[in-house]
Every structure is written in C-alpha cells, then in structure tokens.
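Below you'll find the structure, written out as structure tokens, and then a few comments.
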Amino acid sequence: MTAVRTLLHHLNQLVTSAGLVWWRCLPRLLVTAMLGWLGYRFFAQLAGMLVAVSAWWSLLMLSMGFVVRLSAIIIGLRIAGEELQIRAAIPLPQDDPRDVSISHLLSRTLLPFLGIYAVFDTVTDAANNIEIDYYVFHGLTFERPVLSQLSPQGAGVWVIVGVIVALYVARRLVDWWFESSGLRPLGLVAAMIEGFFLLIVILSGRQVLVSLSHWVDARTFRVWLDYPGWGLQQVFGGLGIDISDVLDRLGSLWWDVVWPGVSAMVVEPMLWLALASLVFGSQVLSAADLWRKGRPVSVQTKRAHLRVGDRQRRMALEFQEAFFGDLNDKYLPTFQSVRLVLGVGAPFFAAFILCYGTITIGREWLMRAFYTGLGGHPATFWTVAGPPIDLLVELITEPLRWVLLATSFRACIALFAARSGQPEAASGSMPGEPPTVDDAASVPVTP
Amino acid sequence: MRGRATQWLLAVVACLAMIGLHAFTGEFPQESVRQVQLGQAARLYGSTITANSWTIGQVLYEDDRFVGRSGVMFLAVNVTVATDSPQELRSEWQVGGTANGHTLAARADLRPPQPGFTRTQDVVFELNPDDLAGFTLTVLDRAPIFAFDPQLNIDLGITAQHAADELERARYATVRAASGSIQVIR
C-alpha cells in the first residue's frame, strides 16, 4: 500500500503542478506551439514543392523544418522551466560558464532530437509525407524518382559519402567561426547544416541497411542461418508441436503489439525527459572534462587510466576536441541525462510514464475523434483538411507535453536533492505544490 | 528490499497498463466505418450501394454456367451499385465479409460502374454454415493513396434462428448468381 501511496503522491504532484504551470504559461506556450508548427509546415510544404526540382533541396527544407520544430520545443521547455525556476534549482557554481543561448542549445540537442525522431520513424514519416504530397499533386508515377534520388542506389555511394563529408567539414568550420566570433545567426546556420547532415545520414543509412540485408539474403551462406530453425522444427515435430507457428505467433505478438507499446509508452518518454534535461542543463561532464580530471565519473574507459606528460596531454586534448567534439557536446550529455531520469526511483518513473502515456494516447484519440467526425474522404481531402486538424491537436497536446517534461525534470531535481540530503539551490519555488526538499523528503518511502 | 521490489513491480504494472492501452488504441479501425442494414442504400464516394437479398446453397451456377459444388456452402449476396458521380472514379473496392470473428474474401471483385450507370450483381462467398449467422458484407473503397477511406459494413440481418431455418431449407440448394447487368440511371 505504501508503494501505491507513493505513486499516487507523485501522480498528484505531477498533475497539479503541470496543470498550474500550463495555465499560467498558456498564452506564451500556445504562441510558441503555433509558430513552431507553422514554421515546420512551411518548410515541409516547401520541401514537397521542391522535390520536383531536386531531392537534395527538398531534404534541406525538411531539415530546416525540423530545426524550427526543435527551436519551438526548446523555447516551450524554457518557458515552463522559467515558471518552475528550474535553472535556479540546479546546484551550479556561480560562475557557471555554460552557454544557455538558443543556438547553443539547438546544437547540443539537435542530435538526440533527430535521433529520437529517427528511432520512432518520425523522420521517415516526414519523408513519406513529402512523397505522398508529390503524388497527390502530380499524380501517382513511378517514372520519376522522388526521394529515392537520395538513396545510394539513386545518387551513387560516392556522391552520398562526398556530401556527408563536405557537410561535416562545413559544419565544423561554421562551428569554429561561431565560437571565435560569437555571432548568434551562425549558431543557427550551424544547426541547420547539422540537421541536413543528420537527415542525409539517417535516410541514406537506412537504405544502406536495407541494401546490406538484401545482399545477405542473396548469399549462399544465408541458408546456413536456416539450419537451426529446421533442426528445431524436426525436434518439436516429433512432439507434435509446430514450433515455427509458435515462434511466428510470438514474434508477431512482440513486433506488432509489445515492442511498439514499449517504445512509444516507455522508451520515448524517457528519451524526451533526457532531452528536456539537456535543455535545462543538468550537470553533465564532457569527455574532455573527464580527461582533465583524470578520472571518469560515469564510465570507466581505458583512456582514463593512461598516464601521459603535459605536452602529450595538451596535444591529445586538442586532437580529442577536434575529432570527438560531438562526443563531448551530445553523446555524453545525452547518456548522463538518461542516467539522471532513470535514477530517481520506481514510483516517480511509474507516475511519469502514466502521465506522459495519457498525453500520447489522448493525442491519438483526439486525432481519431476528428477523423471519425469528418468521415471517410479521399487523400486529396486529407491533404487540405489534415494540417488544420494537426494544428488543433498540436495546440492542445504539445504545451501539455512540454509542461509535463519541465515539471518532471523539476521533480527529479527535488528528489535527487532529498535523497542526497542536500538542499536544493532554490527551494520552494515550484508554483502550486512545490517539490522542495521537505516536500520530496515527505514522500512516503518504503523501507 | 521487499518495499523496493514492490515499487518496481508497481512500475512494471504501470508500464504494462500503458502498453495495453497503446495496443487497444492501435486496434482502432484505419477506415471510416459506417453500419447499414440490408435494403438500405449507402454512399461510397461517388457511388450508392444497396444489398438487396441473399441466398445459400451448395451448388453454384454463375450466369447459367456451372461453377462448382462446395464442400461447405455458398452465400450469394445480391447488390446494386449506382454511380451518379459525373466523373469516373479511380478507387478500388475491397469486398469481403465477416462473421464469428472470421474474415472472408469474395470470389470475385465488385467494381463501381461507369458514371451514369447502375449495375446489379451477386457477390459470392464460400463459407462454413456456422459462419452464416451474423454475416456482414464489408465494402471498403481503398484509394490509390492511403487515406482515412470509407468502409460500409452491411449487416444482412441473419439471426441465429434465421440462419438455422435457412440452412434447414436450402443447405443443399443451387445458387444461381449473376455477374452483373448494367442499366442507365434514368
């Protein structure tokens, strides 16, 4: 019963705090959500029109659309974060040198953001929508390749590799220029180049994986992989059990029901919370920090045990900064953020999953309600009616999601502070029901 | 230790509940389904479709040509389709049936006639006698590009008693189906 009470306490805290913050920030959140949506739709529409000219231009527009969408998410999270005074709640030194500008946050969060979108097929869906729009407006045709121009078979492997390398170099140069000059627009340009770079990697990489799978299927040794299956069939056949049917059913249950549910209802919320913690700036160490301190905080790498001289160390640091900048800026913070949100305990985890899942399912049901209300129509109708419906649903659910992520992160910080016995940097600042140290500590915890 | 295990058990239950809700949501139809009764006309984009009657039997003749004898039985549903849309439709109808949780495919396609014409034809299914009660004819207008397409579920109104009576009367009868007669809409 204590576990249930703890869960209910966290649920109550999340719902009331998120509701209050949502209400207080509603106008700003709505404007941000609408501008983000409009920006994304503008570039997506442009991508749909430009695909007839060149798939590369189309992809560039799509990547700009994703950058705009991410910008809206960051701004929305920061609006909610300001209301919750999250920055003040994180115990950071007074002279914390971290850059909290939007462009810096964009460059830091773009990779995990597009990573989440790639894992959950949002990028592929966006690319598919471009193709569908093209077919709706230009007629269904197989004579002209649409986005398949971007596949290694369409454009040629070396063209793809050349574009990826060129974009990587361009991004590094713009990054360097941005850091030396401090010009804010350059940060946005860098983010857009990176978005384009990542989209090409994601879409082309997917094609490479498919090609690899086809290549393996065409090889003679592929038959060897079937031998264990045939052996199992023989063994279970003797017992009167059709093992292939059993495995097919199990596989179907896993891939069609369980895994989509796990990824949408458990993995995705955790990844978004990790991304939110990147935006709010959790205390994360880069690979270079680990090296300078001479001891890894989170991961025990072989490199951390190396003993080198000062000169060698400086050279190695410069080399590391040049070639492992992405590791510092993105991968390690993302990894640390996932650790952060996983480490707060089961009841909070359950409460967060329930709240986030309710918003996800609510969004789906709302969309369904609109579609069912309007009835069946051809694709041309949905091409026109789909965007306004999408906007309406976005305006209802997206601000709620941002507020929930911010509130959950704030609660994470309070719980960590309570657990470690340290006071929060700014306690009692949460509107409505503040999850201060006292409050977090008052949560009934089972022995 | 036990308390922590209980907490994690609760978290797993919460996750399973949300996964179940997600699976339930995934079962929502991808089509705009409309229920109609036997004899009731319903629109499917530019066409109107009406299920007029149904017959059962074990021997099938189509347009007076012997087709075959079924190991189970045939069900022929007579339908009338009228296309009053001024332009030719480019949709593809998927005709089937459902009963007792089974999905059945029709023996032949059902296509909307040209604009300004009406066609009356039989849609034939081969099915188990147990699946006769509660049989529903389904017609889905699947557009070339997937959308939230309309689907008609036409309930033939076959109750368990009705099915038993009809099986008693015509289980081994001959079904004479027509592949279609075209008429101009006047």
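Order of the sequence lines fixes the chain letters, A, B, ..., with proteins taken first and strands second; residue numbering starts at 1 for each chain.
Residue B:Arg171 places its CZ atom among more than 12 non-hydrogen atoms of other residues, nucleotides or ligands, all under 6.0 Å distant. Within 6.0 Å of the CZ atom in B:Phe24, the count of heavy atoms belonging to other residues, nucleotides or ligands does not exceed 12. Around the CZ atom of B:Arg69, the shell of radius 6.0 Å holds no more than 12 heavy atoms that belong to other residues, nucleotides or ligands. Heavy-atom contacts from other residues, nucleotides or ligands closer than 6.0 Å to CD of B:Gln40 number more than 12.
Here the closest heavy-atom approach between residue A:Ala346 and residue B:Trp8 is recorded as CB-CD2, 3.4 Å. Summarising the geometry of B:Ser32 relative to A:Gly376, their closest heavy-atom pair is OG-N, 3.0 Å, with the distance given to 0.1 Å. For the residue pair B:Ala11 and A:Ala350, the shortest heavy atom distance occurs at CA-CB, 3.7 Å. For A:Met265 against B:Met18, the heavy-atom pair with the smallest separation is CG-O, 3.5 Å. Closest non-hydrogen pair, A:Ala3 versus B:Leu10, comes out as O-CD2, 3.4 Å.
Interatomic distance, CD of A:Glu364 versus CG of B:Leu21, reported as 11.0 Å (0.5 Å rounding). Note that CZ of A:Phe348 and CD of B:Gln7 are 13.5 Å apart. Values are rounded to the nearest 0.5 Å.
Legend: residues meeting side chain to side chain donor-acceptor pair (under 3.5 Å) with B:Thr98, ordered by chain and number and at least two apart, are absent.
Sorted by first and then second residue, the salt bridge (charged side-chain N to carboxylate O under 4.0 Å, His left out) pairs involving residues 113-137 of chain B (not counting sequence neighbours) form an empty list.
In terms of non-hydrogen atom pairs under 4.5 Å with chain B, the most contact-rich of A:Ile361, A:Ile353, A:Val262, A:Val266 is A:Ile361.
Aromatic ring pairs are classed by plane angle as parallel below 30°, tilted from 30° to 60° and perpendicular above 60°; the pair B:Phe148 and A:Trp382 is perpendicular.
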